[in-house]
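Below is one structure, written out as structure tokens; comments come after it.
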2 protein chains.
Amino acid sequence: MAETPKIRFGIIGCADIARKVSRAINLAPNATLHAVGSRSLDKARAFAAANGFPEGTKVYGSYEAVLDDPDVDAVYVPLPTSLHLRWVSLAARKKKHVLLEKPVALSASEFEEIIEACESNGLQLMDGTMWMHHPRTAAMKEFLSDAHRFGRLTSIQTCFTFAADADFLENDIRVKPDLDALGSLGDEGWYCVRAILWAANYELPKTVIATRKPDLNKAGVIMSCGATLTWEDGKIATFYCSFLSNLAMDIAAVGTKGTLHVHDFIIPYEEKEASFYAASESSFDDLVTKWVSQPSKHVIKTEIPQEALMVSEFARLVADIKFNNSKPEKKWPIISRKTQLVLDAVKASIEKGFEPVDIQE
Amino acid sequence: MAETPKIRFGIIGCADIARKVSRAINLAPNATLHAVGSRSLDKARAFAAANGFPEGTKVYGSYEAVLDDPDVDAVYVPLPTSLHLRWVSLAARKKKHVLLEKPVALSASEFEEIIEACESNGLQLMDGTMWMHHPRTAAMKEFLSDAHRFGRLTSIQTCFTFAADADFLENDIRVKPDLDALGSLGDEGWYCVRAILWAANYELPKTVIATRKPDLNKAGVIMSCGATLTWEDGKIATFYCSFLSNLAMDIAAVGTKGTLHVHDFIIPYEEKEASFYAASESSFDDLVTKWVSQPSKHVIKTEIPQEALMVSEFARLVADIKFNNSKPEKKWPIISRKTQLVLDAVKASIEKGFEPVDIQE
């Protein structure tokens, strides 16, 4: 059997994150960098030169030119969120599959338009949540799904914070109301909410209530916030995200029979191995002076970094559509939309003075 | 200089926890077991025999008899919370210093009567929150107080859960509305709230809001609950406590410059050493594919277990009063009261249908 040809990627926009994803496309065995476009041809050229683009890569002075290139199978869209609807719609019209940075949209209803644009053209849509594709994530999920070792999820606490520098707080797209208007909630909160939904088998919470005292910048963009999510079955989740605290990325999930801890769930401490801690039916000694056993550390190795595994999974789905007449995998846009729905509810709760907001599917 | 005589303890009630504290009194170099009283003389005898009480220990068939023993300097009170006010008041009248199990009272106003009974008699009052006395706690506090390594506290998430067995859920005093009426909140939530206040330098939060969907038993006692606490400066805290989940006891504290993680803060995994993880000014590599450095593990050894250190600190204060005419150390009842004030607010928020409750000093 002949080897399936590699999926050819075009990148629209030279955002910082596109450097990492360019490398990932190079590393993914079934993908190749084909084109990059920027509003400035010089910027696109410099980006291609600095980021290991292969000889013969097409370099364009506009995003449109990338979309018009008939050899581009799929585009990676690292543009500011406020531009997602416009550029994904155009990409879909040109029959390009879309790997889309998160947050996927400014609201779930806007994202529904994006889904519609891709679906109606038979195109794969996937968001850029890299940690979903790390083999550690599958290993953790196996533990969380184990009725004997973990039981039923009762509580999950997540956080993602980092200390942005002065330049970021002044100039980054994530502090600008006209670009990534959801700020820390859209950028960091996205991961927290995704982790919560992931642990809850993507069952949406019934009610979301934002934590008082979020930090907003002068333009009203969220610099830090938190929320509590509750489900009908009594399960609860809390998260906290901030541009104004030291780097932290935790999941602490508690079940009726087990616990899971991980402190680097979004970006592992090391690129080629990652770990988590699991405990089952933990107990004390007779006098309650110590634990009978400690949580066990599970180390998962990966030769290919998580972002390349993401590209590879996306390219595999695209190739299946292109060469095998398969349908797009709906799972990915579905979980993107659910994540966005929860972000919308957190934002609405903040805007309503921290009132509880029920989520409507 | 002659060695200071040991402080002589009387124990009123043969609760399970009294076994651990009896051992702790034996281990503390400046304390000695002098008497134990139960409502049944046989039970008191059996307890003394089983728990290493020295020859010559007084064994009484009533609590009153312990309080009437003129050689008892201090009493340890492991009775159900609903009995605290009555028995501490009687103990204070008999001039006994009081080491009191937590939760210290059913409400802060009730605890204020307990404080008054002790203060007006010049007696030391301390609650039985053992982890406060572990040297690890001091080491963690040193880190949290370091402006360069940790910065300003911005968020803290704590939990304490354990999976109670069927007998506990049916018969333990902590599931009975007439005994430890605060249930999981009073038992486990106490530690979570204490950890939060401890990290916040005992600054009370402005607002407390209980999480929806607490679990109540048929008698209306809390089996699991959570809450979010907020301060004027934007600091936030969340906690979760439950009798219905696997054993977990976490602190995740995030500051502007550092993070602290500990997963066994109440009962260390091992009796003679305990650890925590600290990180400062954490960052990623250039491409954001890994961390530049990982949190560091700090191991603190202790020859004497934390409960014996608690007894020893309490006995030291009592000896200072008894032999050096010192005044009681007010710090301990002050932080007990603040902890109770927050529990009151959580309970009030649950009763008000999860409305925010402002804390009044």
Side-chain angles (χ1 to χ4, degrees), chain A residues 17 19-20 23 151 154-155 157 159 161-163 207 209 211-215 224 226 228 230-232 234-236 238 240 242 244-248 250 252 254-259 261 263-264 267-271 277 279-284 287-291 294-295 305 307 354 356, chain B residues 17 19-20 23 150-151 154-155 157 159 161-163 207 209 211-213 215 224 226 228 230-232 234-236 238 240 242 244-248 250 252 254-259 261 263-264 267-271 277 279-284 287-291 294-295 305 307 354 356:
Chain A
I17 185 73
R19 295 164 56 217
K20 181 175 178 176
R23 173 173 172 265
T154 54
S155 161
Q157 302 185 312
C159 75
T161 59
F162 60 78
T207 307
I209 181 164
T211 305
R212 277 144 200 272
K213 294 280 174 186
D215 201 301
S224 81
T228 299
T230 48
W231 284 256
E232 267 302 334
K235 191 164 56 232
I236 71 152
T238 61
Y240 179 69
S242 175
L244 309 171
S245 289
N246 189 47
L247 179 56
D250 294 350
V254 180
T256 49
K257 292 193 172 177
T259 47
H261 287 104
H263 298 108
D264 59 346
I267 308 288
Y269 292 136
E270 299 289 340
E271 203 174 5
Y277 291 84
S280 293
E281 300 192 289
S282 312
S283 62
F284 299 125
L287 269 186
V288 191
T289 57
K290 63 181 181 190
W291 295 43
Q294 297 190 25
E307 58 274 15
F354 316 104
Chain B
I17 184 74
R19 296 163 56 215
K20 180 175 178 174
R23 173 172 172 266
F150 187 75
T154 54
S155 161
Q157 301 185 313
C159 75
T161 59
F162 60 78
T207 307
I209 181 162
T211 305
R212 276 141 202 273
K213 295 278 175 188
D215 202 300
S224 79
T228 300
T230 48
W231 283 257
E232 268 300 334
K235 190 164 56 231
I236 72 152
T238 61
Y240 179 69
S242 175
L244 309 171
S245 288
N246 189 47
L247 179 56
D250 295 349
V254 179
T256 48
K257 290 192 175 177
T259 49
H261 287 105
H263 298 107
D264 60 346
I267 309 287
Y269 293 136
E270 299 290 338
E271 205 175 2
Y277 292 83
S280 293
E281 299 191 290
S282 311
S283 63
F284 300 125
L287 268 186
V288 193
T289 58
K290 63 181 180 192
W291 295 43
Q294 297 190 25
E307 58 275 16
F354 316 104

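Everything numeric in this text was worked out from a predicted model, so none of it was measured.
The candidate from B/Gly255, B/Ser283, B/Ala248, B/Ser224 with the greatest count of non-hydrogen atom pairs under 4.5 Å with chain A is B/Gly255. Taking chain A as the reference chain and counting heavy-atom pairs below 4.5 Å, the highest number among B/Asp215, B/Val288, B/Thr211, B/Val254 is found for B/Val288. Among B/Ile236, B/Thr228, B/Thr161, the residue making the largest number of heavy-atom pairs under 4.5 Å with chain A is B/Ile236. The greatest number of non-hydrogen atom pairs below 4.5 Å with chain A, out of B/Asp250, B/Leu244, B/Ile209, is found for B/Asp250. Of the listed residues (B/Glu232, B/Glu271, B/Gln157, B/Lys235), the greatest number of heavy-atom pairs within a distance under 4.5 Å of chain A belongs to B/Gln157. Chain B forms the most heavy-atom pairs under 4.5 Å with one residue out of A/Asp264, A/Thr154, A/Thr259, A/Thr289, and that residue is A/Thr289. For the set A/Ile17, A/Leu287, A/Thr230, the entry with the most heavy-atom pairs within less than 4.5 Å of chain B is A/Leu287. Note on A/Pro268, A/Pro295, A/Ser245: by heavy-atom pairs under 4.5 Å with chain B, the leading option is A/Ser245. Considering only heavy-atom pairs separated by less than 4.5 Å from chain A, the leading option among B/His261, B/Glu307, B/Arg23, B/Glu281 is B/His261.
Of the atoms belonging to B/Lys20, heavy atoms from both backbone and side chain fall under 4.5 Å from chain A. Only the side chain of A/Pro356 comes within contact range of chain B, judged by heavy atoms closer than 4.5 Å. With a 4.5 Å cut-off on non-hydrogen atoms, A/Ser242 does not touch chain B at all.
With sequence neighbours excluded, no residue forms a salt bridge (charged side-chain N to carboxylate O under 4.0 Å, His left out) with A/Arg212.
Counting only distance, with no hydrogens or angles, the side chain of B/Asn246 and the backbone of A/Ser282 share a donor-acceptor pair below 3.5 Å.
Note: A/Trp291 and B/Tyr269 have perpendicular aromatic rings, judged against thresholds of 30 and 60 degrees for the angle between ring planes.
Interatomic distance, B/Leu247 CG to B/Cys159 SG, rounded to the nearest 0.5 Å: 9.5 Å.
B/Gln294 places a side-chain heavy atom less than 4.5 Å from the side chain of A/Glu270.
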